[in-house]
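The structure displayed is predicted, hence computed values, not measured ones.
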Amino acid sequence: MLDPFLFRFQVKKKQFFRNFMTITLFGAVGTLISFTIISLGSMQLFKKLDIGFLEIGDYLAIGAIFSATDSVCTLQVLNQEETPLLYSVVFGEGVLNDATSVVLFNAIQRFDLSHITSTNVMQFIGNFLSLYFTSTVLGVAVGLLSAYIIKKLYFGRHSTDREVALMMLMAYLSYMMAELFYLSGILTVFFCGIVMSHYTWHNVTESSRITTKHSFATLSFVLEIFIFLYVGMDALDMEKWEFASKSPKTSVGVSSILLALVLIGRAAFVFPLCFISNLTKKSQGNKIRFKQQVTIWWAGLMRGAVSVALAYNQFASSGHTQLPGNAIMITSTITVVLFTTVVGGLLTKPIVRFLLPQQKHSSGIMSPDFTSSKSLNLPLLGINGQEPEGNISTNVTRPSSLRMLWTTPSRTVHCYWRKFDDAVMRPVFGGRGFVPYIPGSPTETEGIIQ
């Protein structure tokens, strides 16, 4: 639960929203493409292995299980300052991808596969979109509620303990409410984190900011270790391996097919969606180059705890794996997870260094960073005539107003949103520059999370 929430406190918001459409394409549309390819591929190829215990619902579940990426290992070797585009895309896609996979899996469990009609299919799609939208709205609502409570109610102010506790409890509340209403907890807590990082985090004192940032980072790191330890310990459970070893050719064949489908399924959406994303970008510097596409493709191949959990839910819901079919699917899932995590994780850094050798010298190769003091378009990014955030050199030669307006139009969706945010949202829910100064409160000159 902490990973999607912590993401909003680690990743630079400007970089994230600049690539929001690409992240959404990968996380939602890409997951559906991968789900389709893995489901259809396993349905056709498993028949050649004479696996007769699987039904159509199991094949669809397999598509959802192996569409869930785990980019935690990749992010350990990616540097946000050196590769801001890759970092934001891979992490953002991973969060939305997990949410999409879980939503798909739950929808498949409820779907009546014995009577498939066009009406049922449309109802399935409608329920899927409704679940996505409702989870997003719930996350935004809880985030705004947390901002309003900390800004308006006195019992949470002037106390680091209370402010930190409130932020943690409100984040957990969004997750619990999503689970209570059978929504996507991952998606809900993700958007709750977006709102809280924009409003709530600026309403607390400076000590609360620092404490919250490091507390979530520490908890996330510790819990990730526990999750990987659990997966590793579960892999050492010999019982299911003994049942799977009774048909070793089938077990190896299933693992190999699933690994191949994961590779093909990811390539089937990364490169086409990157091409579509590049069509919407006029500047060559903002486009995703082929080597970057290969890196994104490789970075998302890893499968993790979500895949293992969904596999147990589908093939060993009672907690037993004595059945040969269940044992084969569980062991194959663990094999794919361990192989992609260990091999993929070890090779990620060499691949990044080989494909993007100049990343350490210029992050602009990955994606032009508008927060750079060298950017000539910065004056247009200010709000109401104010200078942009950060320490900007005043000695930069600026082009004429006509040229700036031509290269960076001022009337954009982002511009209108900032005007609405400053006029309506921030006066009510707080945020940077809209909270009265009190002793110990954050200042505008402190180093803030972008």
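- L45 pairs in a side-chain contact (heavy atoms from CB on, under 4.5 Å) with only one of the listed residues (I257, V254, L40), which is I257.
- Using a 30° and 60° split on the angle between ring planes, Y59 and F46 fall in the tilted class, from 30° to 60°.
- More than 12 heavy atoms of other residues, nucleotides or ligands lie within 6.0 Å of CZ in F271, so this atom counts as buried by the packing criterion.
- Rounding to the nearest 0.5 Å gives a distance of 4.5 Å between CG of L131 and OG of S135.
- Judged by distance alone, the side chains of T31 and T100 never bring a donor and an acceptor atom under 3.5 Å apart.
- A distance of 9.5 Å separates CD in Q314 from CG in L60, rounded to the nearest 0.5 Å.
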Side chain to side chain contact (heavy atoms under 4.5 Å, CB included) evaluation trace for M177 with L183: CA-CA 8 Å; M177 290 184 66; L183 303 176; over 6 Å; no

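- Using modelled atom types, one finds no donor on one side chain facing an acceptor on the other under 3.5 Å when comparing T160 with T211.
- With salt bridges taken as basic N to acidic carboxylate O contacts below 4.0 Å, none links E163 and K151.
- There is no side-chain donor-acceptor pair under 3.5 Å between S146 and Y199.
- One distance of note links CE of M170 with SG of C192; it measures 7.0 Å at 0.5 Å rounding.
- Between S307 and I65, the shortest heavy-atom distance links the atoms OG-O, 2.8 Å.
- Between T188 and Y175 the shortest side-chain heavy-atom distance does not fall below 4.5 Å.
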